[in-house]
Amino acid sequence: MAFAIQFAIDVLSLGGAYALMALGLVIIYGILRLVNFAYGELIMVAGYTMYLSSGSGLPWLVMATLAVGMAVLFGILTDYAAFRPVRAKSVTAVLITSFAFSNLLQNAALLFISPRPRNVPLPEIFSQTVSIGGAITPVRNLITIAASIVLLAAVAFLMRKTTLGIAMRAAATNFTMARMLGVPANLIISSAFALSGFLAGVVGILWIGRIGTVVPGVGLEPLLVAFIATVIGGMRSLPGAVVGGFLLALIDTTLNYSLSQDLLKFRDAFTFSLVILILLWRPQGLIKGPASGQRT
């Protein structure tokens, strides 16, 4: 019983983080039909914001709020600096500028802060453990589960019940038609980048809460996880991104529990093999997104 509880908590906490990462990526892809490769650097921005504000004497919640706010700001800046000037050009041009902006942020962190890991201030509760049904689990896992439930519900409400969300869904279905019907293109795209930045900021706090440090390349693994989860679930489907995130977490956690110590270093190889099998079965992803219009 304790094993089942521990396994479920690990899957839900990791899956919640993965789902939020994937959502931040697929929101941009749904509208622009392009992968934001600077998404991982928004997590880095959140981490370094907390590190730089650690000596200010501010309460931790204020620092966390500031970190999320900076991720939102840099998310919008990504649109203005890397996407908007060239999004009417070729896909190749946009991808190159996305990579370039990602490299720019990483090198700025290397140059102006440090290439070495820096400790990020975390509240004591992140290092505490709690016993549930005989299973001992870190409190941060429960915080991750609660935060992911709240945010996933909030995003679902935003996309289904608000004017902004309905406009985003319309733009994701057929951007050209949505513009012809009066949907403000630049506002919708900037809002999508802001929402993606918000999710990246929250993920940054939860992700760095697991490792306790921040480095310039801290966003690479979350970016890779988000990309794999969206490919599994469906690149144009928000529910698919959530399903892909939880499925990837289930695969990772199962391998962590079942592989021997000698084989554990090959976990990523096993994970990618299973992902390939899923894509051979469902190349379009587990959940098909809406019919797509032209990229703009």
query = In terms of side-chain heavy atoms, does R118 have a donor or acceptor partner in S114 at a distance below 3.5 Å?
reply = yes

message = Please check: side-chain N/O of S196 versus main-chain N/O of G24, any donor-acceptor pairing under 3.5 Å?
response = yes

ask   = So, do S273 and L277 sit near enough that their side-chain heavy atoms are less than 4.5 Å apart?
value = no

ask   = Backbone N or O of F227 within a donor-acceptor pair of the T230 side chain at under 3.5 Å?
value = yes

ask   = According to a 4.5 Å side-chain heavy-atom criterion applied to Ile, Leu, Val, Met, Phe, Trp and Tyr, with indirect links allowed, do L264 and F266 form part of one hydrophobic cluster?
value = yes

task = Please answer: with hydrophobic residues joined when any side-chain heavy atoms are less than 4.5 Å apart, are L20 and V150 in the same cluster?
result = no

Pairwise side-chain contact, V202 with L206, heavy-atom cut-off 4.5 Å (strictly under) = yes

task = Mind listing the closest non-hydrogen atom pair of I205 and F126 along with its distance?
result = O-CE2, 4.4 Å

ask   = Are a donor atom and an acceptor atom from the side chains of D79 and S190 found within less than 3.5 Å of each other?
value = yes

query = With side chains defined as the heavy atoms from C-beta onward, is the minimum distance between V35 and M235 less than 4.5 Å?
reply = yes

key: Residue among V72, L42, I27 satisfying side-chain contact (heavy atoms from CB on, under 4.5 Å) with L199   = I27

message = As an exercise, state the distance from CG of L223 to OG of S102, rounded to the nearest 0.5 Å.
response = 7.5 Å

query = CG of L274 to CD1 of I278: how many Å apart, nearest 0.5 Å?
reply = 6.5 Å

request  = Report yes if the side chains of I228 and F272 come closer than 4.5 Å at any heavy-atom pair, otherwise no.
outcome  = yes

request  = Calculate, to the nearest 0.5 Å, the distance between atoms CG and CG belonging to L151 and L23 respectively.
outcome  = 9.5 Å

ask   = Counting distance only, does the side-chain N/O of S53 pair as donor-acceptor with the main-chain N or O of S56 below 3.5 Å?
value = no

Closest contact, heavy atoms only, I145 versus I9 = CD1-O, 3.8 Å

ask   = For the rings on F101 and F83, is their centre-to-centre separation under 6.0 Å?
value = no

ask   = Once you round to the nearest 0.5 Å, how far does CH2 of W207 lie from CD1 of I43?
value = 8.0 Å

task = Taking T254 for its side chain and L250 for its backbone only, find out whether a donor-acceptor pair lies under 3.5 Å.
result = yes

request  = Find out whether R210 and S13 are in side-chain contact, i.e. whether some heavy atom of one side chain is under 4.5 Å from a heavy atom of the other.
outcome  = yes

inquiry  = Working note: R116 + V215, criterion side-chain contact (heavy atoms from CB on, under 4.5 Å); need CA distance, chi angles, decisive distance, verdict.
reply    = CA-CA 6 Å; R116 294 190 294 272; V215 293; over 6 Å; no

ask   = Does NZ or CZ of R84 come closer than 6.0 Å to the centre of the six-membered ring of Y80, within 45° of the ring's axis?
value = yes

task = Please answer: with hydrophobic residues joined when any side-chain heavy atoms are less than 4.5 Å apart, are V275 and L220 in the same cluster?
result = no

task = Look only at the side chain of Y39 and the backbone of P222, and say whether a donor-acceptor pair between them is shorter than 3.5 Å.
result = no

Verdict with reasoning, L158 to L195, per side-chain contact (heavy atoms from CB on, under 4.5 Å) = CA-CA 10 Å; L158 172 70; L195 179 56; 3.7 Å; yes

ask   = side-chain contact (heavy atoms from CB on, under 4.5 Å) between Y48 and V120: does it pass, once the steps are laid out?
value = CA-CA 8 Å; Y48 275 120; V120 174; over 6 Å; no

task = Please work out whether the ring planes of F7 and Y257 are parallel, tilted or perpendicular, with thresholds of 30° and 60°.
result = perpendicular

task = For residues F198 and V68, report the shortest heavy-atom separation together with the two atoms involved.
result = CD1-CG1, 3.4 Å

Closest contact, heavy atoms only, Q106 versus P216 = CG-O, 3.5 Å

task = Identify whether L73 and F112 are in the same connected component of the hydrophobic contact network (ILVMFWY, side-chain heavy atoms under 4.5 Å).
result = no

query = Atom CG of L12 and atom CG of N141: how far apart are they, to the nearest 0.5 Å?
reply = 10.0 Å

inquiry  = Run the side-chain contact (heavy atoms from CB on, under 4.5 Å) test on L164 and I188 for me, step by step, so that the C-alpha distance in whole Å, both residues' side-chain angles and the decisive distance to 0.1 Å come before the verdict.
reply    = CA-CA 7 Å; L164 177 62; I188 293 302; 3.8 Å; yes

remark   = So side chain to side chain donor-acceptor pair (under 3.5 Å) across residues 124-133, not counting sequence neighbours, yields none

request  = State, with a plain yes or no, whether a side-chain heavy atom of R160 is found less than 4.5 Å away from one of I166.
outcome  = no

remark   = One should read off an interatomic distance between I113 CD1 and L52 CG, to the nearest 0.5 angstrom, of 4.5 Å

W60 versus L122, closest heavy-atom pair with distance = NE1-CA, 3.7 Å

key: Distance-minimising heavy-atom pair for A71 and G197   = CB-O, 3.3 Å

request  = Decide whether T78 and N36 meet the rule of one side-chain donor and one side-chain acceptor closer than 3.5 Å.
outcome  = no

ask   = Got a sec: does the CG of L263 have more than 12 other heavy atoms crowding it under 6.0 Å?
value = yes

ask   = Are any of the side-chain heavy atoms of T213 and Y51 separated by less than 4.5 Å?
value = no

inquiry  = Starting from V86, can I reach I189 by hopping between I/L/V/M/F/W/Y residues whose side chains sit under 4.5 Å apart?
reply    = yes

ask   = So do L14 and T144 actually touch side chain to side chain, heavy atoms under 4.5 Å?
value = no

